[in-house]
Structures are given as C-alpha cells and as structure tokens.
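Below is one structure, written out as structure tokens; the observations come after it.
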2 protein chains.
Amino acid sequence: MESLPNDSDIAANRHELGRNLTHGMLDTLGRAIVTGRYEQRPFPTEAEIAKAHGVSRSVTREAVKMLTAKGLVSARPRQGTVVQPSGNWNLFDPDVLRWLLERKFSVELLRQFNQLRIAIEPEAAALAAQFHDAEDIAAIHAGLARMEAAEAGNDDPLDADIAFHLAILRASKNPFYAQFQMVVATALRTSIRFTNRMRGRSANIPDHAAVADAIALRDAAAARIAMRRIIGDVLELIAGD
Amino acid sequence: MESLPNDSDIAANRHELGRNLTHGMLDTLGRAIVTGRYEQRPFPTEAEIAKAHGVSRSVTREAVKMLTAKGLVSARPRQGTVVQPSGNWNLFDPDVLRWLLERKFSVELLRQFNQLRIAIEPEAAALAAQFHDAEDIAAIHAGLARMEAAEAGNDDPLDADIAFHLAILRASKNPFYAQFQMVVATALRTSIRFTNRMRGRSANIPDHAAVADAIALRDAAAARIAMRRIIGDVLELIAGD
DNA sequence: ATGCGACTATTGTCGTATAAATCAGCCGCA
DNA sequence: TGCGGCTGATTTATACGACAATAGTCGCAT
C-alpha cells in the first residue's frame, strides 16, 4: 500500500531534523521503532525503506547503522534487519530516550525514570559536597537564583530547575554522573507537559536551597538527604496521582 | 608516518571484530579516539581513512556514522570529522565503555565507576526487594550458589559475582536499572586484572547472602544497606590501595 | 581597507555493480 | 519415504565513481 513518494514527502523528510537526510531517516525510523510499529510486521528491507522515503540506499544504510550503534536493531544478510528486544536498547542515548518519552509517554515510564533519579542525584549531591570548586557553587547558586526569579515570573521555571540539577551533576566531578546531565535534561523537558498538568508546579525552593547550602558547607550526608527529599516528593506526586 | 596498507593489514582488519569490515573500522577508530590519538593531530578525512585501511569510503562512512551515534565524533562538510569532547561521549554505550576500560584503564576510572555503582546497586536491591518474583529470587540464589562453588574452586568467581549482581538489577523491574547490566558486566570483566592483582579476591559471601536474604524477605531498607556495604568495601579497597 | 566573489576541500547523496551469507525448496539417492 | 546435499533467491555487505552542497580561504576589485 506504499505509494511512490511525492515531492512533498521528500521535502518534509529533507527538513525533518535540521541536519541532513541521514539524520532525518534516523529520527523517522527511531520513532517508528520505539512506538512499536514493527512489533508485528517485519522491519522493511533497506531497498524498501529507501524507495518508501525517496532516498538512496546509502542514506538508508547509514541511518540503519546508527540505529545499530544505539542497539535498536541488528542486521544480518538474507535475514534482513530486525528490531532488537527493548532490553538491548541504549536507554541513556539521548535520541532513544527522547523518542521514548515523546512518542510513548506514560506515567509508568516517568515513575521508573524518577526511581533512577532518586538513586543518582542524592549521591551526586553528596559527591558535589566533597569535590565542588568555586565555579560549581556559582553555577548551583545561579540555578537557584533563576528558580527564585521564575517564582516571580521573570524566568522559565523548567529551565531554571534543569540548570540547578545539572550544575550538581557536573559538580560531582565524576564523568559517569555528568553523563546523566543529558538524560535528566531530556527527560525533564519532555515530561514538562505532564508535570505541569498535575499542578501549578512551582518547585520547592526551600528544599532546593537546602541542597545548595549543604553542598556549599561540604556536608555530604545533608546534601544526600535533602536531594533525596526533593525527588522523593516528585515520586510521591507521581505515584499518588 | 602512515604507510599504504599491505595484505596482512587488510586481513587483520577483516577478522578484527568478528563481524564485518564496518565493525572492524568502528572498533579501530573507537579505540584510537579514546586513547587520545587525535587530541593533537586532526581526525583524518574519510578518503584518508579509507585509503589507510584499504577499505571503501562506504565502509568508512558507516563506521564514522556509528561513532557519531555514540557521540564520539561529529562531521560537517568542508570542516571534516572532529572528535567531540569526552563529556559528549555516551559512557553507557558498551563499546565506548569497553574501549575506555581496555585501553585507558586507571584506578581513578575504576573508582569513579564504583562511585556510580554505590548509587545504583543499593537502590536496585531495594527495588528488587519490593518487586521481585519467584524467578528473580531463583536467579539471585543461583548466583550466590555459584559464588559459593567458586569459593571451593568449582566455578569462575568473576562470572559468579557478575551473575549475582545482574540478577538483582534485573529483579528491580525497572528498565533504567536493567540497563546497567551491560555496563556493570563490561566494567567488572575488564577490571578483573586489577582487582585480582589487589588481593586473593574472594568476594565476601556473607555480605552477598545478606543482600539476597533481605530481598527474599522483601525488606527494602535492609537490602539497600547490605548492598551498600558490599560496594563500599570495594571503594575502600580502591581508595586505600 | 574592505567586501564580494571565485576557488577548493570535505562531507553529503546517489546509482550501480558485485560479493557473501543464508534460507527455502528441489532433486537425487538410498 | 526420508535424508542430505545442491541450487537458487533474497538481502545485507562491500565497492566504486560521480556529482551536489557546504563552508572556509584567498584574492581581487573598488
């Protein structure tokens, strides 16, 4: 039932993801996979994809290779390209996470993600308390200041909240924790619609200030507890909906 | 100083990573990048890579595209391919992590990794205590049994230890925690040489048994504490060297 | 001196051709 | 009939060659 692509299809694809045809294909295929479009029907062959989207097989192959690198598919001669079980997907790849949250959003997924945050961020705060430098403290306080400004309507509450949490992850001085900057930013940003619907949603400034203070005082235990309270509140909000 | 490839170079590349030419190139380039070979000199152009390794530009391009997908490089016309700052690398990609640990191993990296584990695994144990099913308990006990067998020389201690920890991550029933299975397995396996050099290295069976018992009894707090002790010990071992 | 345009190096895209892998089905033999 | 190898078809893997698009760079003209 696939018709030959017309000019508008091609044009849409060409500008789909800013960059180039390959990235457009990557985005299109990635979204299709995470939304489960190929759970029943088999994944199309390279030739079919190329024809259906009006691009060359080279472009298709490079997009499929990127999906392979992210763990979404695996390709073997004669057998074709097959979608991997979701357990093999690299959930910490920003693209994969974005596709999941944008296209397959669910409260369950949001809950599971915050269960991860409650492991990561309190420990990151504890590490930040130990290893931060002046620059980190400045960034954390800047984030806090932006949250206060947002409270008064002079800044974006989400961006401010994100900036605060990212500054702490960075201050941990541990590349594995720093890695979560992208993950947390992506997830917070895509889940904003949900959390906003839930309430007027002004983040708890005193709790955030408590974290910042504990870090500045190099009190790792207090920082851990304070951060745990922040994310614990979010979790309760989600669970108790 | 790059000479034209000879037949043995090509043959070596062809069988380098089991799969195919593209994966061989991916592995070669990935290792070169994480070892910092291109920190001073610029990253070669596609044409240069293709010629230097005796493969076509198609293969080169697909390998570079996979590196792009993992965040190691970024390519723009006329400017060429440039290595991204290591903060942009996807450290939770099994390939990237393996390259890092195999080729750039350091005690510092091992310490930072276990700082991550001490955040993840205790919380995973707590979740496992809440959400495990019979199958999970069986897997955890199987891992424990293998560790005891290894103690007596009847099994591989590392494999047994890994199996135990992976079973708990899986039992958390949270895909984000399950994601760390590959990461933990990769890191433990590649760091075995170091940990073995450090001591006769028989894992602390009673501590592991305590975790298993707490999970089986659905005592989340106890499971968290017990797991934290296990990894805390590892961290002390590393820090106090 | 400065701005504009031509040049050029590099990735982006395309099409085609051939190789290799592997599965299904056929054919022959016992 | 049953089994095993052979053959063909399908799909990815690899290769090559060409041109387009893009973006620095350099030089020229004003």
Side-chain angles (χ1 to χ4, degrees), chain A residues 2 4-5 7 9-29 33 38 41-69 71-84, chain B residues 2 4-5 7 9-29 33 38 41-69 71-84:
Chain A
E2 303 271 353
L4 283 175
D7 290 350
D9 284 342
I10 298 175
N13 199 335
R14 193 170 291 276
H15 298 103
E16 198 153 356
L17 195 71
R19 306 269 278 278
N20 51 32
L21 287 184
T22 301
H23 281 80
M25 280 298 302
L26 171 67
D27 201 60
T28 302
L29 293 177
I33 290 171
Y38 303 113
R41 90 188 83 172
F43 198 82
T45 67
E46 293 175 354
E48 287 167 355
I49 297 173
K51 180 182 287 186
H53 293 79
V55 297
S56 74
R57 221 188 113 198
S58 311
V59 171
T60 303
R61 277 188 63 77
E62 284 167 14
V64 170
K65 274 292 189 302
M66 286 204 266
L67 291 172
T68 304
L72 266 63
V73 303
S74 119
R76 288 173 55 194
R78 163 73 205 185
Q79 178 178 344
T81 306
V82 294
V83 175
Q84 293 289 101
Chain B
E2 303 269 354
L4 284 175
D7 290 349
D9 284 342
I10 298 173
N13 199 336
R14 192 170 290 276
H15 298 103
E16 199 154 357
L17 197 71
R19 308 269 278 278
N20 52 30
L21 287 183
T22 302
H23 281 80
M25 281 297 303
L26 172 67
D27 201 60
T28 302
L29 293 177
I33 290 171
Y38 304 113
R41 89 187 84 172
F43 198 81
T45 67
E46 292 175 354
E48 286 168 355
I49 296 173
K51 181 182 286 186
H53 293 80
V55 297
S56 73
R57 209 183 132 203
S58 313
V59 171
T60 303
R61 276 185 64 79
E62 284 167 13
V64 170
K65 275 291 187 306
M66 286 204 266
L67 291 173
T68 305
L72 267 63
V73 304
S74 122
R76 289 173 55 192
R78 163 73 205 185
Q79 179 178 343
T81 307
V82 293
V83 175
Q84 294 288 102

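Chain naming here is simple, since letters A, B, ... match the order of the sequence lines and numbering starts at 1 in each. All of these numbers come straight from a predicted model, not from anything done at the bench.
Listed for the Glu48(A) side chain is a donor-acceptor partner under 3.5 Å among the backbone atoms of Thr45(A).
Nearest to the side-chain atoms of Ala75(A) among the listed nucleotides dT12(D), dG24(D), dC14(C) stands dT12(D). For Arg76(A), the listed nucleotide lying nearest its side chain is dT22(C); candidates were dA15(D), dA18(D), dT22(C). Distance from the side chain of Glu46(A) is smallest for dA13(D) among the nucleotides dA13(D), dT11(D), dG12(C). Closest contact between the side chain of Glu62(B) and the listed nucleotides dT11(C), dG12(C), dT14(D) involves dT14(D). In the set dG15(C), dT11(D), dA15(D), dA15(D) carries the atom at the smallest distance from any side-chain atom of Val59(B). Out of dT12(D), dT10(C), dT14(D), the shortest distance to the side chain of Pro77(A) is found at dT12(D). The side chain of Arg78(B) has dT10(C) as its nearest neighbour among dT10(C), dA24(C), dT11(C).
Listed pair Thr81(B) / dT11(C) meets the phosphate criterion, a side-chain N or O lying under 4.0 Å from OP1 or OP2. Between Arg61(B) and dT11(C) there is no side-chain N or O to OP1 or OP2 distance below 4.0 Å. When the side-chain nitrogen and oxygen atoms of Lys65(B) are compared with OP1 and OP2 of dT11(C), none of them lie within a distance under 4.0 Å.
Sequence order on DNA chain C of the closest nucleotides to Glu48(B) and Ser58(B) puts Glu48(B) first from the 5' end.
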